[in-house]
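Single-structure report; data block below.
Numbering of ligands and ligand atoms starts at 1, following listing order.
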Amino acid sequence: MTRSQSSERFDLAVVGAGVVGLATALAATRRGLRTIVIDRDAQANGASVRNFGFVTVTGQERGAMWHRARRSREVWREVADAADIPIIHTGLWMMARRPESVEVLEAFMATEMAVGCRLLSPAEARRRCPRLPAPGLAAVLESTIELRVESYTAIPRLAAWLVSEHDVTFMRNTAVTGIDLPSIHTSRGCVRAERVAVCPGDDLSGLYPERLGAYALTRCKLQMLRLADPGFRLPSALMSDLGLGRYRGYADLEAATPLKARLAVEQPEHLKHGVHLIVVQSADGSLIVGDSHHYAATPDPFSHQYVDALILDEFSTALGIEPPPTIERWSGTYASATDRAIVIDAPESAVRVAIVTCGAGASIGFALGEELVTSLFDSGVAA
Ligand SMILES: Cc1cc2nc3c(=O)[nH]c(=O)nc-3n(C[C@H](O)[C@H](O)[C@H](O)COP(=O)(O)OP(=O)(O)OC[C@H]3O[C@@H](n4cnc5c(N)ncnc54)[C@H](O)[C@@H]3O)c2cc1C
């Protein structure tokens, strides 16, 4: 820690430099607040750099989450331009192969969530992307709204831009061990700030464990694959029937009930391992393909071949092509809850803890950051 950091008093200290912490820092600096971000890692290493970088609106839970996603997508656009973060591709193709899935798509199209969406026939989809034979294709929901960034480089660029353009201070390699405002105790000394936003990702036992213990939180592990360039460009991000049974914007529709029943009969192993298909493409043509969902307080650290095979099975069934060779495998974890999509807790009047508990932090993080700053600075709290 430099002398100025130890003597300076910040308006806001943000614990955690994942997408939620960075989004909160951005919202604070846009209000002219002097902000410090503290993270225990030397560089971003959590869920925010292990994900698809898929900023999804279509399919988010109806209501508050969908609105958060729309707002966040707007901010991603602004930030991408300003911070030189490439948008690798846009849009989503939700590829339906069962009649029950088409019913879900049609029901979705009748909702307010269908802005920017339309249905494509199989013939139109094949004309648009002849390299995707998708033999069983019955319809495609095309959304033009989604964005895809390469998280592993986008998150560091976002942080660097917060330093260069917004004068945010970063303390890395620094664990926050306790908060006793205005003092924030860290592994490298004391930082002083008026207010604190704790954005700890899936660290549920570090700060305020007794508060977080009141929520039914656990952790979710996801397996991910990078496949070699298939030799053509995807029209957008791709998903399949399994996603219609999982993502709440579709799955909560009444029309999804028959599909979920059919999936339970026809793809029980995929459901057992929480497998559904997302395929996005990187600038070099390689594909990021996932994912699976296994829940535990401490998930095992291994990537299981059997689970990868289930993901790849859905890939070849939905797309109708052989998966290109796997060139990377990794897993990631996020905090999870069955009864809520986010936690915003106020352990003290000048402290907020924010955790995304549904695996959508890249999609809703910027809106959440704005909510945190509003809650901390517009509700008359005192340090
Ligand atoms: C494999 C995978 C794929 C996903 N795909 C998508 C996707 O495509 N789209 C989408 O919207 N979402 C996706 N998600 C979810 C999304 O990545 C997360 O919701 C989001 O990254 C959470 O961000 P965060 O900032 O809360 O957490 P994190 O990125 O985990 O960051 C938390 C940070 O807090 C720091 N920290 C914690 N405690 C302390 C402490 N006491 N002191 C100092 N530092 C501390 C950690 O070091 C860490 O850097 C995916 C997640 C995974 C794992």
Side-chain angles (χ1 to χ4, degrees), residues 13-25 36-57 59-60 65 68-69 72-73 76 92 146-152 154-155 158-159 170-179 184-188 191 196-209 212 219-225 237 239 243 247 274 276 278-280 288-294 299 303 329-336 341-343 353-369 372:
V14 178
V15 182
V19 68
V20 176
L22 298 183
T24 306
I36 184 167
V37 178
I38 309 168
D39 198 292
R40 66 182 167 214
D41 272 318
Q43 60 178 41
N45 188 41
S48 300
V49 290
R50 293 168 185 244
N51 60 27
F52 294 92
F54 186 29
V55 178
T56 327
V57 176
Q60 295 292 347
M65 287 299 279
R68 286 188 180 108
S72 296
R73 188 251 184 224
W76 263 117
L92 163 68
E146 281 62 36
L147 306 176
R148 204 240 141 192
V149 298
E150 194 71 62
S151 294
Y152 198 72
I155 294 296
L158 176 55
F170 275 77
M171 274 179 84
R172 297 199 182 264
N173 274 317
T174 307
V176 174
T177 52
I179 296 167
I184 296 153
H185 303 288
T186 83
S187 53
R188 296 205 297 143
V191 174
V196 182
V198 180
C199 309
D202 68 342
D203 184 333
L204 308 176
S205 57
L207 296 169
Y208 303 107
L212 295 180
R219 293 164 80 211
C220 176
K221 177 189 127 190
L222 295 80
Q223 288 187 203
M224 303 281 283
L225 303 162
M239 295 176 71
Y247 281 102
H276 69 118
I278 300 180
V279 185
V280 296
I288 297 184
V289 180
D291 50 17
S292 56
H293 297 80
H294 293 96
S303 276
R329 291 185 168 83
W330 69 98
S331 66
T333 56
Y334 58 68
S336 172
I342 58 172
V343 168
V353 182
I355 301 177
V356 181
T357 53
C358 65
S363 305
I364 61 109
F366 283 112
L368 179 56
L372 284 183

Check whether [X] reaches the backbone of [Y] with its side chain - one donor and one acceptor, N or O, closer than 3.5 Å.
X	Y	result
Ser48	Gly18	no
Arg40	Val176	no
Ser331	Ser303	no
Gln223	Gly290	no
Arg50	Thr333	no
Thr24	Leu22	no

- line: Nearest heavy atom to atom 32 (C) of ligand 1, choosing from Gly46, Gly332, Cys199, belongs to Cys199
[X] versus ligand 1: do any nitrogen or oxygen atoms come within less than 3.5 Å of each other?
X	answer
Arg40	yes
Ser363	yes
Gly16	no
Val19	yes
Ala360	yes
Ala362	yes
Val20	yes
Tyr334	no

How many angstroms lie between [atom1] in [X] and [atom2] in [Y], if you round to the nearest 0.5 Å?
X	Y	atom1	atom2	value
Leu147	Trp76	CG	CH2	9.0 Å
Ile155	Asn45	CD1	CG	12.5 Å
Ile288	Tyr152	CD1	OH	12.0 Å
Met239	Glu146	CE	CD	9.0 Å
Leu207	Cys199	CG	SG	11.0 Å

For [atom], the protein heavy atom that lies nearest, with its residue and separation:
atom	value
atom 7 (C) of ligand 1	Phe54 O, 3.6 Å
atom 22 (C) of ligand 1	Ser48 OG, 4.0 Å
atom 49 (O) of ligand 1	Asp39 OD2, 2.5 Å
atom 42 (N) of ligand 1	Val176 N, 2.9 Å
atom 19 (O) of ligand 1	Gly361 N, 2.8 Å
atom 30 (O) of ligand 1	Ala47 N, 3.4 Å
atom 4 (C) of ligand 1	Asn51 CB, 3.0 Å
atom 31 (O) of ligand 1	Gly18 CA, 3.5 Å

Proximal ligand 1 atoms for [X], defined as those under 4.0 Å from one of its heavy atoms:
X	result
Ala175	42 (N), 43 (C)
Gly201	26 (O), 27 (O), 30 (O), 32 (C)
Arg50	1 (C), 2 (C)
Asp41	47 (O)
Gly359	10 (C), 12 (N), 13 (C), 14 (N), 15 (C)
Pro200	32 (C), 34 (O), 37 (C), 38 (N)
Met224	1 (C)
Thr174	43 (C)

- prompt: Out of curiosity, is Val15 lining ligand 1, as in a heavy atom under 4.0 Å away?
  reply: yes
query: Has Ala44 got any heavy atom lying under 4.0 angstrom from an atom of ligand 1?
result: no
Could you pull out all donor-acceptor pairs under 3.5 Å where a side-chain atom in residues 359-367 meets a protein atom, sequence neighbours excluded?
residue : atom : partner : partner atom : Å
Ser363  : OG   : Phe54   : O            : 3.3
Ser363  : OG   : Thr56   : N            : 2.9

task: Report yes if some heavy atom in the side chain of Ile355 is under 4.5 Å from a heavy atom in the side chain of Leu212; otherwise report no.
output: yes
query: If we only count heavy atoms from C-beta on, is the Val15 to Pro200 side-chain gap below 4.5 Å?
result: no
field: Non-neighbouring partners of His294 that pass side chain to side chain contact (heavy atoms under 4.5 Å, CB included), sequence neighbours left out
entry: His273, Ser292, Val307
- prompt: What pair of heavy atoms forms the shortest contact from Asp202 to Ala335, and how long is it?
  reply: CB-N, 3.5 Å
message: Does only the side chain of Thr333 get under 4.0 Å from ligand 1, or the backbone, or both, or neither? Count heavy atoms.
response: backbone
